[in-house]
Amino acid sequence: MKKTFLSILTLVSALSTMVGCKSQLDDKFQNPDASTKANIPAFFAKMLNNDRVRPAYYHYRTFILSNQAVYTQTASFYPSNTMYQPNDSYSYAYWTDFYAPGVLGITRSMEKAYAELPEAEKASKEIFIQTGKIVLFDEASKLVDNFGDIPFSEAGSLPTTSTIIKPKFDAQKELYNQFISELKNINTYLSTATTNPDFSKYDILNSGNVAKWRRYANSLRLRLLMRISFVDEAKARTEVLEMLNNPTQYPLADGGATANYNPRNEDILLQPLTNYTGTLRQALIEGPNQFATDHMLNKVMLPANDPRIPVLYDKFGKTVNGKFVQNKEYRAMPISFTSADMEKNYQDYAVLDSATIFDNNALPGIVITASETNFNKAEALLRWGASNAAKDAYDVAVKQSVSFYYYLNNLNTSGLKTEKKPTDDVINDFVDKSTISFSTTQAKNLELIWTQKWLHYGFLQAQQAWAELRRTGYPVLTYPVAGLANYANPPKRLLYPTQEISNNSANYDAVKANDTRTTKIFWDVK
């Protein structure tokens, strides 16, 4: 194990890093902002180059680590009166990064450019439009999960109509149903589509691999269907079982249901650009969000002797007589600790791992993993299929999660010590003979599936963890109570940013009554 240094280092500004990443992309591809002729492939590359997907400093520091990671306890935080109060300006930055010049704004520009193409050129460019929709629906569903009703159908009007329209807020349930339906159509399109040189060149997510895009579309659809499965079970059950019973027609990003799969080849991951040198260290220590969390480590992982512990955490320790003395065991600070308790005792407790998390500039943006897909399959099969098939999917999902986190650990090339993945025998014993092993009762097994999926998401996918925690109610977490009036507990949704309310006041009036912290997202019926 390696020592984790918590001292604040002198780092290159995160803004400079982001500028550098943009410059690399502009050099490699034609910059659509500077083009006199709309360039659909360049728009597509710009859409994919998304620091709200990659583990970028600004996104995690201002949004994930102060909101969803706190509400899900997937990262540590100082208890305070304002710990459950989002920063309005940061919420607005996330909001606008979706609309302009974000995924939706770029989509509208692509659609306009495509409509103006000669008919003979449309065939080779349609694949950009169809796969771009997958990304759009993925990011839009996150916005819905955070806020509820959102402007969508009328948003981004300027590129297409040359007119600024104040967009209405579309109903969240209708948007989900639209995304689910269109993803099915995209799967059909991709079943006969082929790549082309432009698509291979500009596709910085899947390198022009059409089959991988198809698996992305279907796995996203599976995620959304399971998300609505308690509010519209009939629809979810019918459509999910259709997918699971027809794997050739609906291929999934499930790693081939193989425990020792290759995440780089099978998962949907947005790799960092080649000139990226940043890490999440600064974002984590400014919070502070670097400490192991009570429920995850103490309540779930340690009782199971979880083999992911060495790649997720460092034991930490303290310097005694000029020599660093590592703690004897992994343990997390109790969630009941006050800020003073944390500041006094933090050296006695584990922190996030350096090679995997803190100082890993090769961390990809996590879009879809095989483990998530198999956890979704396990839940669906347990509720609507066969329990033995559900167990198989669950066991594979857990084993794939182990493979995934050792993969992330071994991406590190900074000279930190990386870990060797345990043998199959060790991992099999963990899955078959520990506290996380499948039982004989459905309720207990659903709890296992949901808890292990929450653990797999962690803070790196805290938006998904927060959605699933609200949908399922698991794991059952103990929350410190904040002293600020109206912000004593985590919210059920984020409030609309005040700038959006000001800019779009007429349409906001239609959703104003539901703009409260206690209003549930439509799929949250537990």
Side-chain angles (χ1 to χ4, degrees), residues 29 40-41 43-50 53-54 103 107 110 124-139 141-142 179-180 182-225 243-244 246-274 362-377 396-397 400-401 403-404 407-408 411 456 460-461 464:
F29 305 127
I40 291 174
F43 279 133
F44 184 70
K46 185 173 183 179
M47 170 192 284
L48 298 179
N49 184 39
N50 188 345
V53 174
R54 289 196 182 95
V103 171
T107 296
M110 288 174 62
S124 66
K125 298 298 187 288
E126 184 177 3
I127 193 168
F128 292 96
I129 302 299
Q130 296 295 336
T131 53
K133 286 181 183 178
I134 303 171
V135 178
L136 174 65
F137 299 154
D138 193 350
E139 294 304 303
S141 64
K142 292 178 189 175
F179 303 158
I180 289 166
E182 291 202 38
L183 285 167
K184 184 175 185 178
N185 294 336
I186 293 169
N187 171 65
T188 301
Y189 165 79
L190 291 175
S191 68
T192 58
T194 56
T195 193
N196 59 62
D198 270 355
F199 189 61
S200 295
K201 176 182 178 183
Y202 287 82
D203 175 13
I204 62 173
L205 179 61
N206 291 321
S207 302
N209 187 328
V210 176
K212 203 168 183 180
W213 276 101
R214 192 179 178 196
R215 294 196 295 271
Y216 176 13
N218 290 324
S219 298
L220 175 59
R221 183 165 169 249
L222 176 63
R223 175 196 286 170
L224 301 185
L225 283 165
M243 296 175 73
L244 299 188
N246 296 279
T248 302
Q249 185 177 352
Y250 299 102
L252 294 165
D254 62 1
T258 301
N260 296 312
Y261 81 117
N262 186 328
R264 186 177 185 91
N265 293 341
E266 300 293 334
D267 292 342
I268 312 302
L269 305 173
L270 184 59
Q271 302 295 337
L273 296 176
T274 56
L363 267 182
I366 304 170
V367 181
I368 295 279
T369 65
S371 185
E372 177 198 354
T373 300
N374 280 304
F375 281 128
N376 284 330
K377 288 168 64 175
V396 166
Q400 287 176 331
S401 183
S403 295
F404 179 73
Y407 163 77
L408 294 184
L411 288 175
H456 175 74
L460 290 174
Q461 287 187 281
Q464 299 303 330

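Everything numeric here is computed off the predicted structure, so don't read it as measured data.
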inquiry  = If you compare all heavy atoms of Ser141 against all heavy atoms of Phe179, which two are closest, and at what distance to 0.1 Å?
reply    = N-CE1, 4.0 Å
key: Asn374 side chain to Val396 backbone, donor-acceptor under 3.5 Å   = no
Check: Asn265 main-chain N/O paired with Lys212 side-chain donor or acceptor under 3.5 Å = yes
Polar side-chain atom of Ser401 near backbone of Ala397 as donor-acceptor pair, under 3.5 Å = no
key: Flag side-chain contact, heavy atom, 4.5 Å: Ile129 against Lys125   = no
task = Determine yes or no for a side-chain-to-main-chain donor-acceptor pair under 3.5 angstrom, with Ser371 supplying the side chain and Gln400 the backbone.
result = no
Test item: Thr195 side-chain N/O and Gly208 main-chain N/O as donor-acceptor pair under 3.5 Å = yes
inquiry  = Please check: side-chain N/O of Tyr189 versus main-chain N/O of Ile127, any donor-acceptor pairing under 3.5 Å?
reply    = yes
note = Rounded to the nearest 0.5 angstrom, the OG1-CZ distance for Thr107 and Phe137 is 8.5 Å
message = Using a 3.5 Å distance criterion without hydrogens, assess whether the side chain of Asn218 forms a donor-acceptor pair with backbone atoms of Arg214.
response = yes
Residues forming a salt bridge (Lys or Arg N to Asp or Glu O under 4.0 Å) with Glu266, sequence neighbours excluded = none
inquiry  = Walk me through whether Leu183 and Leu224 qualify under side-chain contact (heavy atoms from CB on, under 4.5 Å).
reply    = CA-CA 10 Å; Leu183 285 167; Leu224 301 185; 4.1 Å; yes
All salt bridge (Lys or Arg N to Asp or Glu O under 4.0 Å) counterparts of Asp254, not counting sequence neighbours = Lys377
key: No-hydrogen, no-angle side-chain donor-acceptor test under 3.5 Å, Tyr407 and Asp267   = no
request  = Please name the pair of heavy atoms, one in Ala259 and one in Ser403, separated by the smallest distance, quoted to 0.1 Å.
outcome  = O-OG, 2.8 Å
query = Looking at side-chain heavy atoms only, is the closest gap between Leu269 and Val367 below 4.5 Å?
reply = no
message = Any non-hydrogen side-chain atom of Asn206 less than 4.5 Å from a side-chain atom of Ile268?
response = yes
request  = Taking Arg54 for its side chain and Pro364 for its backbone only, find out whether a donor-acceptor pair lies under 3.5 Å.
outcome  = no
request  = For Ile366 and Gln464, run side-chain contact (heavy atoms from CB on, under 4.5 Å): C-alpha distance rounded to whole Å, both residues' side-chain angles, the deciding distance at 0.1 Å, then the answer.
outcome  = CA-CA 11 Å; Ile366 304 170; Gln464 299 303 330; over 6 Å; no
inquiry  = Can you classify the ring geometry of Phe44 versus Phe199 as parallel (below 30°), tilted (30 to 60°) or perpendicular (above 60°)?
reply    = tilted
ask   = So, do Arg215 and Ile368 sit near enough that their side-chain heavy atoms are less than 4.5 Å apart?
value = no
Asn49 (side chain) donor-acceptor with Ala45 (main chain) under 3.5 angstrom = no
request  = Test side-chain contact (heavy atoms from CB on, under 4.5 Å) on Leu460 and Leu408 and set out the steps.
outcome  = CA-CA 12 Å; Leu460 290 174; Leu408 294 184; 4.3 Å; yes
query = Atom CG in Asn187, atom CG in Leu220: separation rounded to 0.5 Å?
reply = 12.0 Å
inquiry  = If we ignore hydrogens and angles and just use 3.5 Å, is the side chain of Thr369 paired with the main-chain N or O of Glu372 as donor and acceptor?
reply    = yes
key: Note, Val135 side chain near Thr131 side chain (heavy atom, < 4.5 Å)   = no
key: Minimum-distance pair of heavy atoms, taken over all atoms of Phe128 and Met110   = O-CE, 3.5 Å
request  = Using a 4.5 Å cut-off on heavy atoms from C-beta on, say whether the side chain of Leu205 contacts that of Trp213.
outcome  = yes
